[in-house]
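Below, each value reflects all heavy atoms present in this structure, side chains not excepted, and no hydrogens, waters or symmetry copies. Within every chain, numbering begins at 1; the chains are lettered A, B, ... in the order of the sequence lines, protein sequences first and strands thereafter. No experiment lies behind these values; they were computed from the predicted model shown.
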Amino acid sequence: MYKRYHIDTSLVELSTTKIGKFEIMRNDACLNCGRCMTHCIYDVHERDSADPRIMADPVNHLCKNCFACIQNCPYHALEMVMNKEFEKLGNTYWTPQVIHTIWNEAEEGKIPVLGSGYRGRFRGSGFDDIWTDMSEIVRPTRDGIHGREYIATAVDLGRKLAWISDFRRLDLPNSYEIQIPMLLDTSPLGLNSKSIILSIIRAAHKLGTFAFLDIENYGNELKPYLKSIALRCPLDKITNLDQSPWKEVNFIEIDLPRQFSISELELALKKLKSENQTALISLGLTDPSLSNGILKQFKEERADILNIHADNDGQSYEGNIFICDSIRKAQLDLVKERMRCEITILAKGGIAAAEHVPKIIICGADAAVLDLSLLVAAGCRVCKGCILNDCPAEIEKLDPEIAEQRIINMICAWRDQLLEILSAMGIRDVRRLRGEKGRAMFYEEIEKESFEFIFKENETAK
Amino acid sequence: MKSVEIKSCNSRFHKNIGKYTVSLNDSCFHCGLCVEICPYCVFERKDGFNHVLAPNSAGCLGPECKEGPYYCTTKCPVDAIKIELDPQWQTLGDFRWTPELIISTWQQAETGEIPSGNFEYKIGASGGGFDNFDFAVDRLTDMSSSDINNIITSDKISTSICLNRRGEGASIEIPVPWYGAGMSFGSISLPSMLARAHSAKAWKTFTSTGEGGYPDELIPYCNHVITQIATGLFGVSEATIKRTPIIEFKYAQGAKPGLGGHLLGDKNTPGVARMREAVPWNSLFSPFPFHSVYSVEDHKKHIDWVKTINPDALVSVKVSTPSDVDMVAVGSYYAGANIINLDGGYGGTGAAPEIAKKNIAMPIEYAITKVHKFLVEEGVREEIVLLASGGIRTAFDIAKSIALGADGAIIGTSDLVALGCVRCGNCESGRGCPRGIATTDPELEKQIDYIWGAQRITNLYASWQKQLKLLLHELGLKDIKQLRGRTDFLRRIDEK
């Protein structure tokens, strides 16, 4: 029977993520009159349960910055400051706001809906320089997640036929359909905590997608989930692999170092093919420029998937190219070679928010690979350096089921937001979004189109 | 025209927010010198008392007045006064609505005067769009205050615009180049709606019902209230269409382009539900788009439909800003619309998915130039009124949109800031706005007295009109209509 794809969410709170943006300070002028309690609708101010004559310390993580208590306090006894702990979260790419948003999504599994307009900068770099398009009146449009129409978020991984020459002998190449254009990755921060790896892989299993796993982290406890594992192995280790679990997985990625010889790669690919004929073969590239040697592997059907790796901030490991640009270039290169439709492009690194998924797909990827965001969903604060036994989020001690549900919640929220974007664009299938640069606006182009004529003329007039 | 009454209208709170915090330490012996010298009433001593009260920091200008004769810290005989940047300042506002913009909008709402200039009241800090260009005029340095006063009260500089430029139908002129945006009953409280309507009536401009129906309390203001017909069709009836001089079709909203209106269940109180003919406490998500409109031809049928019901009304079409917004605008023109309202992506909302606010559709700055150019090329620009909304915060944003090619602007969030909004962004759920503005909670909404609110909005508009007049004078223009499309007045502010 037909079953509509659905992700089950449930509320999962985590005490380590109760870090509010603001801190309310109560000074000595307070007479414990309780006016703040009547004005606060978020229960920040309560009376002390042990001694109801005095006010308890404010519950800061509930504060929503409305200034009602501060401005209504007759004695000017309250003051708000930024919470230092909040400001310390993350870094310049994984900003406190990005982390906070993921935490909320992971907790509730819902689309973040807030009042008042956009609050950020006019533009940023990378993803923040892209606006997606929408339709009204002159083009067909769709109801969003609240409508009845079905919008497909499924994508195919693997090789597709360029054309069908003989319907009687249909020899289709291997491909897998996943219901969300997102794959998971267990390798962020070089983490090898067994419990978090298990929860990521179980989440992938439940979501019907794949999770990348470095071969050295494979253990018997992961055996039940083999069909959801994309096994990743450095190139130099492939030739001396032992048997299991290679034969049983559906997806294998060769992690290519910066320097390697094409003949070595060809040898490895040949060996993989002889061990496992059905698995999808992916090449993980840290260098976004596609050499002829790489292109040849795709042309001659030895590899099916191109996974372009960037670091956690979306920068390429060489040459500081942002993941959007890497993907746009790879997409164009493959279009020029007339083989874009036959293979799959994945983008790994720097996918930090729901809007990054549709945007990277517009740039040309088939699907996004989520890595650090999964850890953040589990409570990670993206500190500098990562020492497991001193983790403020206690990732190592986290119950794998809790982490798993939080990851699933976040991905459900991201998929729903993808649906909102697709419906606004009037697109009913995420596969149609791939490389649709015409349905997006890029800062450089639109700024030039709208303003160049104004300011150029004005400057020459001077 | 009878001028609008400006009355000073103070904040409704015990404590105001300021940039600096002023403190007196223990060595103060309450000589009262500071009370005498500070013209901003930071220090106060009640009659018959010995002690100086705790300083009212919000009035303090900070080190700005160091050069002036009344800088208290150096005058204090015992060095008891300390002025510091208030750490609270960082918690207020954001890139688009900086704390300085919020505070100066409050100041304008209190006094009705152009801010004195100690806070940046013209642009925000978003680093792009309106915040990235300015008018190429030399600031008035040699003008005396009486000169300035003559200009801003002069009738010779006109800020009025006409809302119908087709040769037929009602002729409606508003004295200021803006009117109020649609904010529904449900997203904001009834007192807030009344305050807006009251002020619109005073200014002979308009405010819009939004999509939540037309509360009976607004009927006394019906000549200044636009009936909005949005995709949810909540509370739209023949009576409400007949009652209004302007009918607004809301195809999309800038803060959530491509999505219907959101009213989360918590705010859908029985009163709101009755108005919307919906079930109380259920979330209401309007469809997107109008399912009766899938083409410009369908759109024309829509307009014909309301014109049949109310032949005298002007028709405004509110659309957001996709890349083909120019086609939409021309289509609306041929379908018979009088006003095109472009709602840019950075506009306000009572509730919208965060992902939609930045990432879908373009900011208004781009859309204005695009549509204006296209309408000119099509040869229909002179027959249609182009209004910009979605991220218009100040008088200068209005002037900039006009210089880019719009006829005027539509104002939403600024009205609410005048009522005391701090842009905390929690209007969407629970009891709504803790400050009583965007709430449907019967208890919270009592915080706003609508007469007080109307005066605040009126004052803000007065200050804006003065700023526009001054700007027009500086540019050597006599009429705001002459400013339209004058991109040659604009210059880029170099990014810092």
Tell me, for [X] versus chain B, whether the close heavy atoms (under 4.5 Å) come from the side chain, the backbone, both or neither.
X	result
A:Ile111	side chain
A:Phe22	side chain
A:Ile130	backbone
A:Leu78	backbone
A:Met441	side chain
A:Tyr75	neither

[X], part contacting chain A, at a heavy-atom distance under 4.5 Å:
X	result
B:Thr413	neither
B:Ser126	both
B:Leu416	neither
B:Ala438	neither
B:Leu444	side chain
B:Asp86	side chain
B:Val422	side chain
B:Ala361	both
B:Ser320	both

Taking every non-hydrogen pair under 4.5 Å, which of [options] racks up the most with chain A?
options	answer
B:Ser429, B:Ala356, B:Cys421, B:Gly348	B:Gly348
B:Glu428, B:His299, B:Lys256	B:Glu428
B:Gln447, B:Arg423, B:Arg96, B:His262	B:Arg423
B:Pro87, B:Ser283, B:Gly350, B:Pro353	B:Pro353
B:Thr487, B:Asp298, B:Thr369, B:Leu264	B:Thr487

Return the option, out of [options], with the maximum number of heavy-atom pairs under 4.5 Å with chain B.
options	result
A:Ala440, A:Ala68, A:Cys66, A:Ala353	A:Cys66
A:Arg119, A:Lys359, A:Arg121	A:Arg119
A:Cys73, A:Pro112, A:Ala29	A:Pro112
A:Leu114, A:Asn65, A:Asp416	A:Leu114
A:His39, A:Lys21, A:Glu355	A:Glu355

Would the distance check show the side chain of [X] and the main-chain N or O of [Y] forming a donor-acceptor pair, the cut-off being under 3.5 Å?
X	Y	answer
A:Glu136	B:Tyr251	no
B:Lys358	A:Arg123	no
B:Asn426	A:Lys64	yes

Ring centers of [X], [Y] separated by less than 6.0 Å:
X	Y	value
B:Phe133	A:Phe455	yes
A:Tyr118	B:Phe95	no
A:Phe122	B:Tyr346	yes

Donor-acceptor pair between A:Gln71 and B:Arg435 side chains, under 3.5 angstrom: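 A:Gln71 vs B:Arg435: donor-acceptor pair found between side chains.
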
Is the closest side-chain donor-acceptor distance between B:Ser323 and A:Asp133 under 3.5 Å?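 Yes, side-chain donor-acceptor contact under 3.5 Å.
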
Just wondering, are more than 12 heavy atoms of other shown residues or ligands nearer than 6.0 Å to [atom1] in [X]?
X	atom1	value
A:Met82	CE	yes
A:Arg26	CZ	yes
B:Glu84	CD	yes

Show the numbers, then the answer: is there a side-chain contact (heavy atoms from CB on, under 4.5 Å) between A:Ile70 and B:Gln88? CA-CA 10 Å; A:Ile70 290 165; B:Gln88 191 164 273; 3.7 Å; yes

Do [X] and [Y] make a side-chain contact, defined as non-hydrogen atoms from C-beta onward lying under 4.5 Å apart?
X	Y	answer
A:Glu420	B:Leu259	yes
A:Phe451	B:Leu404	yes
B:Pro434	A:Tyr42	yes
A:Trp131	B:Ile360	no

Please report the C-alpha distance between B:Leu92 and A:Phe67 in whole Å, then the side-chain angles of each, then the deciding distance to 0.1 Å, and finally whether the side-chain contact (heavy atoms from CB on, under 4.5 Å) criterion is met. CA-CA 9 Å; B:Leu92 180 66; A:Phe67 289 87; 3.7 Å; yes

Return the [atom1] to [atom2] distance between [X] and [Y], rounded to the nearest 0.5 Å.
X	Y	atom1	atom2	value
B:Glu443	A:Ile41	CD	CD1	10.5 Å
B:Gln90	A:Met80	CD	CE	12.5 Å
A:Ser135	B:Phe288	OG	CZ	7.5 Å
A:Thr132	B:Met362	OG1	CE	11.5 Å
B:Thr21	A:His76	OG1	NE2	11.5 Å

If I compare all heavy atoms of A:Val113 with all of B:Ala351, which pair ends up nearest, and what's the gap?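 Residues A:Val113 and B:Ala351, closest heavy atoms: CG1-CB, 4.0 Å.
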
Considering all heavy atoms, the nearest B:Gly258-A:Met134 contact: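 Closest approach of B:Gly258 to A:Met134: N-CE, 3.2 Å.
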
Once side chain to side chain contact (heavy atoms under 4.5 Å, CB included) is applied, do any residues pair with B:Glu297, and if so which ones, sequence neighbours excluded?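 Partners of B:Glu297 under the side chain to side chain contact (heavy atoms under 4.5 Å, CB included) test: B:Ser295.
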
Under 4.0 Å between a Lys/Arg side-chain N and an Asp/Glu carboxylate O for A:Glu447 and B:Arg492?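 Looking at A:Glu447 and B:Arg492, the cut-off is met.
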
side-chain contact (heavy atoms from CB on, under 4.5 Å) between B:Asp488 and A:Ile454: does it pass, once the steps are laid out? CA-CA 7 Å; B:Asp488 54 315; A:Ile454 299 175; over 6 Å; no

Could you list all the salt bridge (charged side-chain N to carboxylate O under 4.0 Å, His left out) pairs where at least one residue sits in residues 359-373 of chain B, not counting sequence neighbours?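 Listed by first then second residue: A:Glu449-B:Lys370.
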
